[in-house]
Amino acid sequence: MRLLAGTDKGLIIYQWDGHTWSVQAIHFLGMPIGAVYSDPITGHCWVAINHKHWGAKLHRSSDGGRHWDEVAAPVFPPHEGQTVKSIWTIRTGPGNRMYLGVEPAALFVSEDQGQSFRLLPALSGHASRDKWMGGGKGSKDPFLHTILIDPDNTAHLTVGISCAGVFQSWDEGETWQPTNHGLVANYLPNPRADVGHDPHVLRISCQNPSVIWQQNHCGIFRSFDKGLTWIDVTDSNKNAVYGFAMVIDESDDQRAWVVPAQSDFLRIPHHNALTVYTTTNGGKDWHPLTSGLPQLDSFDLVLRDAMDKQGPHLVFGTNNGNLYHSVDEGNHWQTVTQNLSTIRVVSLQA
Amino acid sequence: MITVEFTSVLKNFFPTLRTEYLEAGDLQSLVEAMDRKYPGFSNYITEDTGNLREHVHIYIGDIPIRRGSDLREKLAPSDKVFIFQAISGG
């Protein structure tokens, strides 16, 4: 098994020998990795680099990450008057379709496996756009960070935009509507507004694609109808509330793992104790998992794509460059390294 | 011929990059000429709008080009152009 860690200073590839991790390769040394994605159909591996000076760039490997070629990154049409500042997420669909979510919030599609891209303008030009917000730490604009493709109907797309909410299309991205019913944005004058929500990350169940989980700015939500409506499953003990990262079980849509922070203001673990919370009953109860994790003086925050799961293996990386691995679904953790830069993405590959 | 020099940082992305001597009437046509020699170069220098990237600097001789320029600045054959990344001062 391999582990790809996308950091602010490069892509580090680790190899697992059954007992320990060793660094297999380092690519893009010194460069800020924005997204990492392995296409399960073509086997291509994609990396986005969000250069501060030179703009967002896209790279592809066809040999498992040994060699990389830069391909043309998407650009806004000139009349849009916008520039792609960063690429947040990459997903591929059936056929040759490939989607990129970017900042400022927009969705680009490629129909030739990434050789060229076109903007899907109905989303970025949505009638609600003037109600979208951005401007958080590290971001000046709203941005599109999650893309879900419905395995039952690949024309059905679901995206997460911070801060706007969940939007869905049933015609391959040509038209869109917000689907945020049930979410609560307690920072808005109207917390149940149609748009203005902050869905930090969305995860769709492989076993039951009708179920979508959401780690939101204001709690944890779950949908049973493919993201049309949302039910609040936030931890009643108020431990698992605010956070970014979330993974769900591949074969049980009741199980999820999150790494919450104390608050949106502090963005550190509760009482400086780094803790994973898990549920086995669809969010009715949340339980702490702490064995092997620092329970004193931790200031770690786990970013939205910095957690992954494959079978019993769970891994997450933090904004302080700490990387942790569990072989038993989070019951015990081992430190892989404490010496990386900010970890933005981790990806486990069998 | 206009002399075009670069920060060595750009060699990370264009390993064969070297000082170039080009003919161009303005900065935009110079960047386009560079893009023909080094495909993809213009996307490193300009935003999607075609304007100079916010954190890229271009000097013509000792004169800095303003941030966000549309690169219509005229060039003379004896000009020396230098392209480099903005230094944050930290």
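Chain A is the first sequence line, chain B the second, and so forth, proteins listed ahead of strands; every chain is numbered from 1.
Ring pair B:F84/B:F82 is parallel by interplanar angle, where below 30° counts as parallel and above 60° as perpendicular. Using cut-offs of 30° and 60° on the angle between ring planes, the pair A:F167 and A:H126 is perpendicular.
If you take OG on A:S62 and CG on A:D69, they are separated by 7.0 Å, rounding to the nearest 0.5 Å. Within the model, atoms CD1 of B:I63 and CZ of B:R66 stand 14.0 Å from one another, a figure rounded to the nearest 0.5 Å.
Taking 4.5 Å as the limit, every side-chain heavy atom of B:I58 sits out of range of all side-chain heavy atoms of B:R53.
Below 4.5 Å, heavy atoms of chain B meet heavy atoms from A:H51, A:K52, A:H53, A:W54, A:G55, A:A56, A:K57, all part of residues 46-58 of chain A.
Salt bridge annotation for B:R67-B:E47: absent, with no cationic side-chain nitrogen under 4.0 angstrom from a carboxylate oxygen.
Using a 4.5 Å cut-off between heavy atoms, A:E80 does not touch chain B at all.
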